[in-house]
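The structure appears right after this line, and notes come after that.
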Amino acid sequence: MADYNLEASWSPAEGAPGRLALTLFNLSSEPLSGFSLAYRSSTRIADTHVCDGASLTRQVASFHEFLPPEGLTIPAGGRWRFTIEGLADEPKHRTDGIRSAWLMLGDGRRVAVGFGDLMLEGRDGGMAPPLLPPGRVEQPYALLPWPLSLGLKAGDLPAVLYPAEKTRPDAIKALSLVLALYQRLYPAEPAPFSLATVKGGRAIRFVTESSIAAFAYELRFSAQEIVLSSAGATGRQYGLISLAQLLHGARADRDVFKFPNFGTIADQPRHRWRGCHLDVAGQFYPVTEIIRLIDILAWNKLNIFHWHLTDDEAWRLEIKAYPQLTEIGAAGGTEETVVPDFNDGAEARISHYRQDDVRRIVAHAASLHVEVVPEIDIPGHSAAALSALADLADRQEPPDSYRSPQGYPNNALNPAVEFTYEFLGKVFDEVVALFPSEYLHIGGDEVAQRAWLTSPLCSALMEREKLAGTPELQAYFLRRIKTMLSERGRKLAGWNEVSHGGGVDRDGTLLMAWEKPAVGIELAQQGYNVVITPGQAYYLDMAQSEAWAEPGAAWAGYSSPEHTYAYEAEDDLPEALQEKMRGIQACIWTENFVSRGYFNRLVFPRLSAVAEAAWTPLTRKDWDRFAAIVRMWPIL
């Protein structure tokens, strides 16, 4: 238990953001004096505010540091309370309070402070509703995503499935990989497969058929054997996962789910890009958890892992040419620039992925036919990189001349600093050596509206290149970046703001429409290939109801699992533009995930809902069936 605890509560007010009250409890056996209190919270203090009982001495984005009144001593068992009126953001949910907290003592030590949810004063916030109905099935088969077509008759449950005699070694290896996947996801459950013949089991005969579409598979069931047909290894894996799912459901709930004895399944994905994004800058996830998430993606037949490796909070990828990026940038900056990243608190630990870690993760994903797409978020969201490498800034640009939407000052790489391109060239050289993906995601989002306009170097660049304003400066920058990627054999992927200021060459560019559904139409009309990932449906950090008790963010409203499941990305695109749609993607932004419990409540079952939307045709979707099956699916 921590020796100190910080409690936060919010009092709403009509026509104003309300009042924030914070109380620090000294649970130690010694008096506390000569300290400052620091915490992170999405409920930011406004520039114009009134603080009673403390003074705000430093604020950077979500980071706040307060000094108590001069001479204050908190006795053992005592408390210090202060209030703030003048908030930049009105909190909507209990997770809008403290995300990490610590004391800075007079001798230089940092001491962790415990904290809880944000309390709502004077109002009933309501209870968080159940995420799923009981569900019901008309066809008793546990398959998710639901297949393209299915005609089956249930029969006896086989003890296990095993390869038929004379099965090729590559098929046996494929079966062993899916067996290992299942055992990692369900370590306490009996194995669905055996590599050797087992009495009471049923044989799988593998057939290669070139007439079957890429990534498709067919299963034909009889009392004697199961025939799995596919054109290649990916379809074969999907067929094996379906068999494992069928057997798992039939064992887990024998009253509802059965295993087929006769009939066929013919299946293939609806979309080519079936993705899941994970932000590891806002929160660091160990290699073991990244691998488990990839396992879950494979189980749900998702094929893209979009790995958001850098942001304002931290730079998580080892770059040997610039070790400062992880020595300083992974801790959120130096004491003089930025501050420790979300949930690292007093420890300010340096948490990043070594290049050997990356190779292990990429190889693991490839074995499961999941492509890892790395993201180096530029030119905005670069506070961590700028804190590590001072030469990236125009030294003549006034400090705090602009702020990002999250409140970071001067956080965008400068398009007129030539070292920017030297730096990124070396970063890209190492990234493409680690990631074989055809795309490298470069972000391109949320550059502040007036970024660079007080930079003398940018003023000269704008005059020389006939550029007007921040969007055209960004487009100039991104066109150079696209050329650099092309020289390295990679295509550019980015968020929808890449199209601003004239954008970049459409050929070989993939943009992700996140701000609102209509953006996908606009990008397709401009000639871009598009992945649809609207915050209003596919951002898994959004709260799942408007109730105060529900954790999550609120900028895009709230999105229940049923809404996420029912949302149809293709409805936003006219038929003439649908060829531009490459697929859909879930996004996991991690600022709100201060615990594993929050992660699992926010991500599941909505991740599986996106997976079914990415795979299953609209006419085959069924919310009640999905709800009955998904409760058996793995979580982190």
Side-chain angles (χ1 to χ4, degrees), residues 5-12 17-18 20 22 39-44 61-62 87-101 113-121 123-133 276-285 289 293 296 308 313 341-345 406 534-565 586-610 627 630-631 633-636:
N5 202 81
L6 182 63
E7 295 294 327
S9 62
W10 176 65
S11 303
L20 192 65
L22 297 117
Y39 68 81
R40 283 191 179 274
S41 173
S42 60
T43 300
R44 293 183 283 159
S62 65
L87 308 177
D89 309 284
E90 180 180 296
K92 300 292 186 184
H93 299 278
R94 62 187 170 105
T95 47
D96 288 334
I98 308 302
R99 292 174 181 165
S100 61
V113 173
F115 58 92
D117 288 338
L118 181 64
M119 297 291 109
L120 176 64
E121 294 186 356
R123 186 183 293 176
D124 179 11
M127 295 298 294
L131 299 182
L132 290 169
C276 176
H277 152 289
L278 178 68
D279 160 34
V280 296
Q283 294 273 1
F284 180 77
Y285 292 85
E289 294 187 4
L293 179 61
I296 292 170
H308 185 90
E313 295 86 8
D341 60 324
F342 290 118
N343 207 34
D344 281 352
Q406 290 76 27
Q536 296 77 8
Y538 291 164
Y539 268 39
L540 306 188
D541 58 316
M542 291 298 112
Q544 297 175 91
S545 82
E546 60 184 340
W548 179 268
E550 190 70 60
W555 67 263
Y558 63 91
S559 180
S560 68
E562 184 174 7
H563 171 72
T564 296
Y565 182 83
C587 286
I588 305 173
W589 297 98
T590 59
E591 297 96 323
N592 287 290
F593 297 169
V594 296
S595 70
R596 177 73 67 83
Y598 280 161
F599 185 101
N600 283 332
R601 179 169 180 86
L602 284 159
V603 172
F604 306 104
R606 290 188 295 182
L607 180 62
S608 295
V610 177
V630 77
R631 61 189 71 250
W633 257 224
I635 61 177
L636 198 66

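Source: prediction; values computed, not measured. Throughout, residue positions are numbered sequentially from 1 according to the sequence presented.
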Determine, step by step, whether Arg601 and Leu131 satisfy the side-chain contact (heavy atoms from CB on, under 4.5 Å) criterion, reporting the C-alpha distance in whole Å, the side-chain angles of both residues, the deciding distance to 0.1 Å, and the verdict. CA-CA 9 Å; Arg601 179 169 180 86; Leu131 299 182; 3.7 Å; yes

In residues 535-543, what donor-acceptor pairs under 3.5 Å come from side-chain atoms, sequence neighbours left out?
unit_1	atom_1	unit_2	atom_2	d
Gln536	NE2	Glu515	O	3.0
Tyr538	OH	Tyr567	O	3.4

Determine, using ring centers only, whether Tyr285 and Phe593 are less than 6.0 Å apart. no

Flag if over 12 foreign heavy atoms under 6.0 Å of CD, Glu546: no

If you take all heavy atoms of Tyr598 and Asp117, which pair is closest and at what distance? OH-OD1, 2.5 Å

Do you see a donor-acceptor pair shorter than 3.5 Å between the side chains of Asp279 and Thr590? yes

Quick check: closest heavy atoms across Leu132 and Val630, and the distance to 0.1 Å? CD1-CG1, 3.7 Å

Which heavy atom of Gly97 sits nearest a heavy atom of Ser41, and at what distance? O-OG, 2.8 Å

Tightest non-hydrogen contact, residues Ser559 and Arg606, listed as O-NH1, 2.8 Å

Ile635 meets the side chain to side chain contact (heavy atoms under 4.5 Å, CB included) criterion, sequence neighbours left out, with Asn600, Phe604

Please confirm whether the ring centroid of Trp10 lies under 6.0 Å from the ring centroid of Trp548. yes

To the nearest 0.5 Å, what is the distance between CZ on Arg99 and CD on Gln283? 9.0 Å

How long is the gap from OG1 on Thr43 to NE2 on His93, to the nearest 0.5 Å? 11.0 Å

Evaluate Arg40 against Ser100 for side chain to side chain donor-acceptor pair (under 3.5 Å), listing each step before the verdict. CA-CA 5 Å; Arg40 283 191 179 274; Ser100 61; 4.8 Å; no

Rounded distance [0.5 Å steps], CZ in Arg94 versus CG in Leu120: 12.5 Å

How about Leu636 and Val603: do any of their side-chain heavy atoms sit closer than 4.5 Å? no

Considering non-hydrogen atoms only, spot the tightest contact between Ser9 and Glu121 and give its length. OG-OE2, 2.6 Å

Measure the spacing between CD1 of Ile296 and SG of Cys276 and express it to the nearest 0.5 Å. 9.5 Å

Kindly assign one of parallel, tilted or perpendicular to the pair His308 and Trp589, based on the angle between their ring planes and the thresholds 30° and 60°. perpendicular

Donor-acceptor check, side chain of Thr95 to backbone of Gly552, threshold 3.5 angstrom: yes or no? yes

Is any side-chain heavy atom of Leu22 closer than 4.5 Å to a side-chain heavy atom of Ile98? yes

Interatomic distance, Glu591 atom CD to Ser42 atom OG [nearest 0.5 angstrom]: 9.0 Å

Within this structure, what is the CD-CD distance for the pair Gln544 and Glu562, rounded to the nearest 0.5 Å? 12.5 Å

Between Gly126 and Ala549 the two heavy atoms that sit nearest each other are O-CB, 3.4 Å

